[in-house]
Trainee: 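Sharing a structure below in structure tokens format, with a few things to ask.
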Amino acid sequence: MSKSYIGKSIRRLEDKRFLTGTGKYIDDVKLPGMASMAILRSPHAHAFITKIDMKSARAMEGVIDVFCANDLEDELPEIPLRLAPFTDFQRFLQKPLANKKVRYVGEPVAVVVAEDRYIAEDALELICLEVEPLPAIVTVQDSLKGETLIHDAAGENIGTQYSVSRGDVEAAFKGAFYTRREHFRTNRHGAVPLETRGLIAEVEPTKPLLRLHGATKVNFFNRRHLAEAFNLPESSVELIETDVGGGFGVRGELYPEDYLVPIASYRSGRPVKWIEDRRENLSATNHSRDITCEMEIAATADGNILGMRASVQGDMGAYIRTNGGVVPSKAAQFLPGPYRVPSFACDVQFLITNKTPVGTFRGPGRFEANFCRERMMDLMADDLNIDPAVLRHRNLLTPEELPYRIGELVPGDPDATLDKGDYPSALDRLLTECRYSDWIDKQDPSDGKLRSMGIACFIESSAAGPPESASITVLSTGDIEVRTGASSVGQGTETGLAQICAEYLDIEIERVEVSHGSTTLVKTGGGTFHSRNTVMAGNATRIAAKKVKEKAKELAALRWNCHPTELTYENGEVCKSPDRFTLQELATFAETRGDILSADAIFDNEKKLSYSYGAHAAQIALDITTGLVKVERYWLTEEIGRALNPAMIQGQAVGGVIQGLGGTFLDHFIYDDDGQLLTGSFADYLLPTSSELPEITAIALENFPSELNPMGFKGAGEGGIVAVAAAVGNAIARALKPYNISINELPLTPDRLREALRGAESLK
Amino acid sequence: MSERLKISLNVNNDTHACEIDARMTLADCLREKLDLTGTHLGCEHGVCGACTVLADGVSIRSCLIFAVQAQGMKITTVEGLAKDGELSPLQEAFHDNHALQCGFCTPGMLTTAEALLTENPAPTRREVESAISGNICRCTGYISIVDAIIDAAERRRQGPP
Ligand code: FES
Ligand code: FES
């Protein structure tokens with residue numbers, strides 16, 4: 001093959017429009033006659049609605065429509081479960097508008113449609129919401145007590161609970177030389193993409209058509225459910241993807257607004273736009289991570305793990321949304337991680353509280369599990385006086401032990417198996433990179449800083465879910481069009497798929513144009529989540545390209561009146577020496593025959609997951625007086641099977657690390673005892689900025705191509721974030737070892753560390 | 001409703017006349033009235049920097065000032081950075097250094113960097129980090145953006161003015 005794109009750091013095809021301000025994000029889309037929508041959200045965490053007075057709002061000039069649940073003739077549908085859909089959750093599904101009761105601050109109560117957004121927001125102020133307040137449940141402990149029920153009909157606040165296990169954990173603990181028990185907590189935070197959510201709905205008065213702009217992630221799933229909700233055939237619902245300002249798990253799920261915007265459009269007969277503002281975003285878009293984990297480990301005197309048992313409690317917020325029980329259930333499943341854990345048992349509880357519902361955020365459950373397990377590994381290393389790296393080496397699964405069946409650790413999920421790989425070598429590479437064996441923790445009296453290094457290992461699954469589609473068409477202009485059902489959330493999907501298409505068709509990448517996501521492009525699609533785009537859509541694109549080549553040969557064979565097997569394909573041309581036809585010529589020829597030079601393909605990995613794996617290391621400096629931690633250097637290795645575009649992979653890794661540092665130190669949704677969200681702006685909800693950047697070394701390993709897809713890819717979108725709190729937490733705990741301060745709870749804010757340091761000093 | 005006003009704005013070297021409510025922010029005016037949607041809104045309360053534009057060469061947050069206040073200023077938005085369809089050295093450097101993913105922060109990063117490089121043609125990494133510390137990017141982790149700005153400074157020093 002002469003043109004080679006796979007494995008190269010091709011500059012991104014999507015950049016030009018973003019650099020010149022000509023991208024089309026949802027708020028950039030304007031339709032004739034479009035009205036603006038704004039949502040009145042509950043300012044109360046838990047209350048009965050006694051009255052909603054909308055009279056003055058309706059009377060305001062420029063207001064087109066104002067409605068609440070009572071104004072709607074049809075019963076509002078429930079937002080469905082998409083993932084981890086445990087049956088008990090059916091009792092806790094959300095309807096797009098609160099009816100009779102509000103259950104979290106931010107829950108939609110009423111909708112205003114107006115000529116512009118300024119007027120719509122003014123009108124919100126005129127709506128008078130009267131309530132009878134109820135006690136707010138803001139902790140999992142209070143939720144469990146069940147003294148106040150959030151969903152009366154459910155009869156309890158427990159969304160669901162289950163126990164999973166493998167091996168004989170009781171026996172393992174009984175005879176063990178060493179056991180330890182700890183309580184961990186990963187705080188509530190979330191994805192918070194820079195672009196808030198937004199949607200535009202259009203309906204056609206004369207024919208059944210609902211068009212929703214601003215869709216992304218899982219458009220075909222969403223279309224199915226919206227069609228059902230609006231009583232339309234699926235073919236009458238179009239979900240149109242725009243440019244998207246970051247996803248990280250939260251964008252593109254079905255939310256109340258995905259129903260409210262179409263309803264507003266139906267009622268007003270106009271296209272309706274809704275753009276979430278940041279305050280709404282922080283209380284209306286899924287939160288994540290909120291987990292507590294009581295964990296015990298049993299081991300031999302040499303530190304060989306005999307068993308683990310745990311109980312995981314997830315604070316699910318007020319409703320179970322589309323992501324179902326993913327976060328706590330994955331936290332439980334990933335607790336044993338990359339280690340040989342002969343026996344494991346875990347109880348998992350999903351508790352309903354008066355907070356914003358939770359969903360997935362990059363590395364859902366993994367970030368949490370890694371923090372708990374890797375902290376425990378370090379505690380055990382200290383207790384047994386074994387070096388943390390040596391301890392990990394003793395317990396990592398070896399290449400000979402893989403594939404390794406981890407069992408059915410999520411009810412309803414197929415039996416899971418870790419695929420082939422070499423975990424110890426990924427750790428070794430990390431240790432070499434960070435010069436682990438030369439490192440000595442130190443206290444530097446000159447600047448009052450404690451310096452130390454922490455490490456952590458991880459595994460990460462990728463490419464779950466339904467098959468993915470791709471179609472390739474050669475246009476008579478010579479341009480090549482790739483369409484896929486996969487979405488882009490800003491990670492470079494267009495470039496990646498163009499690389500694959502150009503490589504297999506042996507053509508210049510500039511000729512390839514990739515369209516993605518919208519339901520109007522292909523018949524079906526899986527979507528973008530779980531680091532699956534490159535694996536799923538990439539392999540589908542490869543198959544489609546191969547089919548296009550075959551079809552090109554068939555067309556050429558017709559022209560030359562020969563058999564396709566006599567022909568060869570190279571350089572974007574079909575050859576029968578010395579003659580050749582370009583793809584463009586063949587596309588034109590196809591057209592004259594009423595045909596097109598194109599092919600569709602589906603790639604299905606039969607839901608078999610490929611696991612990436614690796615290790616992180618953090619070197620920190622902790623200021624004893626202020627409690628401020630500076631991460632000075634960061635290293636990570638991740639086995640990704642095969643790199644499609646190294647620069648984009650580097651971008652995913654570095655972006656993931658910084659996002660993870662946010663989750664470790666800053667990002668925090670804080671609620672008071674009344675269930676009020678105290679972090680409702682970017683002044684209170686802190687995100688990482690460029691002011692404290694560590695030097696990051698991210699190494700993508702390509703030693704074990706996945707055997708589960710022909711191109712050998714493993715997902716690479718989440719390895720950067722998943723072990724950050726774990727590695728940094730271990731580094732901080734190491735620095736604070738003389739003070740005996742436990743690092744079991746995120747976020748590790750300077751306040752907390754400073755207070756702990758003062759407490760420890762006063763005990764001395 | 002607030003008072004209607006006729007204003008005239010100088011944006012990217014063009015004069016635009018429009019009629020707006022007195023309370024309309026500059027960002028909304030650029031996006032809604034002038035259809036310059038390259039200026040993005042990430043927070044609308046002055047923290048994220050996505051809405052940064054240049055006013056007489058200085059970077060300002062267009063969500064924090066009213067359009068009427070921008071009269072008499074020379075406003076440059078991201079749409080005004082490329083000359084005759086050619087990416088500027090700064091834009092090129094972003095492209096070459098993979099300094100963007102979703103692109104939502106990019107206009108604000110570019111305008112902030114443009115102001116920095118005009119004032120300080122040879123900034124250190126620290127200075128770049130501090131200049132963009134008021135611009136949030138959720139995707140890249142910033143490092144490639146800092147690389148790009150350092151690279152752009154170099155290109156500007158070498159290339160034609
Ligand atoms: S939108 Fe202006 S600073 Fe965020
Ligand atoms: S590239 Fe997405 S926010 Fe910066």
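All chains are named by letter (A, B, ...) in the order of the sequence lines, taking the proteins before the strands, and each is independently numbered beginning at 1.
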Trainee: Taking the side chain as everything from C-beta on, heavy atoms only, tell me whether A:Gln650 gets closer than 4.5 Å to B:His98.
Mentor: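 Counting from C-beta outward, A:Gln650 and B:His98 never come under 4.5 Å.
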Trainee: Tell me which of these, A:Gln652, A:Arg117, A:Glu195, has more heavy-atom pairs under 4.5 Å with chain B than the rest.
Mentor: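 The option with the most such pairs is A:Glu195.
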Trainee: More than 12 heavy atoms of other residues, nucleotides or ligands under 6.0 Å from CZ of A:Arg633: is that the case?
Mentor: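 Correct, the count exceeds 12.
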Trainee: Would you mind telling me which of B:Glu44, B:Met109, B:Arg126 has the largest number of heavy-atom pairs within less than 4.5 Å of chain A?
Mentor: B:Glu44
Trainee: Please indicate whether B:Glu119 has more than 12 foreign heavy atoms, meaning atoms of other residues, nucleotides or ligands, lying under 6.0 Å from its CD.
Mentor: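 12 or below, so no.
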Trainee: Can you pull out the residues in residues 128-138 of chain B with any heavy atom less than 4.5 Å from chain A?
Mentor: B:Glu129, B:Ile132, B:Ser133, B:Ile136, B:Arg138
Trainee: Less than 4.5 Å apart, any side-chain heavy atom of A:Leu693 and any of B:Arg125?
Mentor: no
Trainee: If you measure from CG on A:Leu282 to SG on B:Cys43, what distance do you get to the nearest 0.5 Å?
Mentor: 10.0 Å
Trainee: Name all residues meeting the side chain to side chain donor-acceptor pair (under 3.5 Å) criterion together with A:Arg17; count only those two or more places apart in sequence or in a different chain, and write none if there are none.
Mentor: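 Side chain to side chain donor-acceptor pair (under 3.5 Å) check on A:Arg17 returns A:Asp243, A:Glu494.
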Trainee: Chain B heavy atoms under 4.5 Å from A:Ser691: which part of the residue, side chain, backbone, both or neither?
Mentor: both
Trainee: Hey, is CD on B:Glu19 packed in by over 12 heavy atoms from elsewhere, all under 6.0 Å?
Mentor: yes
Trainee: Could you check whether any side-chain N or O of A:Tyr25 sits under 3.5 Å from a backbone N or O of B:His40, counting only pairs where one atom can act as donor and the other as acceptor?
Mentor: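 Not at all, since once roles are kept as given, no pair shorter than 3.5 Å links the two residues.
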Trainee: As a quick check of understanding, evaluate side-chain contact (heavy atoms from CB on, under 4.5 Å) for B:Val47 and A:Arg278, giving each step before the final call.
Mentor: CA-CA 11 Å; B:Val47 184; A:Arg278 184 54 68 184; over 6 Å; no
Trainee: Sort A:Pro193 into side chain, backbone, both or neither according to what part of it lies under 4.5 angstrom from a heavy atom of chain B.
Mentor: backbone
Trainee: What distance separates B:Asp21 CG from A:Ile119 CD1, expressed to the nearest 0.5 Å?
Mentor: 7.5 Å
Trainee: Side chain, backbone, both or neither: which part of A:Val657 has a non-hydrogen atom closer than 4.5 Å to chain B?
Mentor: neither
Trainee: May I ask you to test the B:Ile143-A:Ile696 pair for a side-chain heavy-atom distance under 4.5 Å?
Mentor: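 In contact.
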Trainee: Checking A:Ala653 against chain B: side chain, backbone, both or neither under 4.5 Å from a heavy atom?
Mentor: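 Looking at A:Ala653, nothing touches chain B.
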Trainee: Give, as side chain, backbone, both or neither, the part of B:Glu32 having an atom under 4.5 angstrom from any heavy atom of chain A.
Mentor: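 Its backbone and side chain both get close to chain A.
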Trainee: Between B:Arg31 and A:Asp27, is there a donor-acceptor pair closer than 3.5 Å when you use the side chain of the first and the backbone of the second?
Mentor: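 Yes; at least one donor-acceptor contact below 3.5 Å.
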Trainee: Counting only N and O atoms by type, is there a donor-acceptor contact under 3.5 Å from the side chain of B:His95 to the main-chain atoms of A:Arg11?
Mentor: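 Flag not set: sc B:His95 to bb A:Arg11 has no pair under 3.5 Å.
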Trainee: Count the heavy-atom pairs under 4.5 Å between each of B:Asn97, B:Thr39, B:Thr106, B:Asp96 and chain A, then report the option with the highest count.
Mentor: B:Asp96
Trainee: Would a 4.5 Å heavy-atom cut-off, applied to side chains only, mark A:Thr20 and B:Val78 as touching?
Mentor: no
Trainee: With a 4.5 angstrom heavy-atom cut-off, is it the side chain or the backbone of B:Thr25 that approaches chain A, or both, or neither?
Mentor: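 Both the backbone and the side chain of B:Thr25 come within 4.5 Å of chain A.
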Trainee: Using heavy-atom distances under 4.5 Å, tell me whether B:Leu81 contacts chain A through its side chain, its backbone, both, or neither.
Mentor: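 Neither part.
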Trainee: Where on B:Thr140 is there a heavy atom nearer than 4.5 Å to chain A: the side chain, the backbone, both, or neither?
Mentor: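 Just the backbone, heavy atoms under 4.5 Å.
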Trainee: I need the residue from A:Tyr118, A:Phe682, A:Phe248 with the largest number of non-hydrogen atom pairs under 4.5 Å to chain B.
Mentor: A:Tyr118
Trainee: Which region of A:Ile721, side chain (C-beta onward) or backbone (N, CA, C, O), has a non-hydrogen atom less than 4.5 Å from a non-hydrogen atom of chain B, or is it both or neither?
Mentor: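 Answer is neither: A:Ile721 stays 4.5 Å or more from chain B.
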Trainee: A:Asp15 versus B:Phe94: any side-chain heavy-atom pair under 4.5 Å?
Mentor: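 Result no, sub-4.5 Å side-chain heavy-atom pair not found.
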Trainee: Answer whether the closest heavy-atom distance between the side chains of A:Leu194 and B:Cys102 falls below 4.5 Å.
Mentor: no
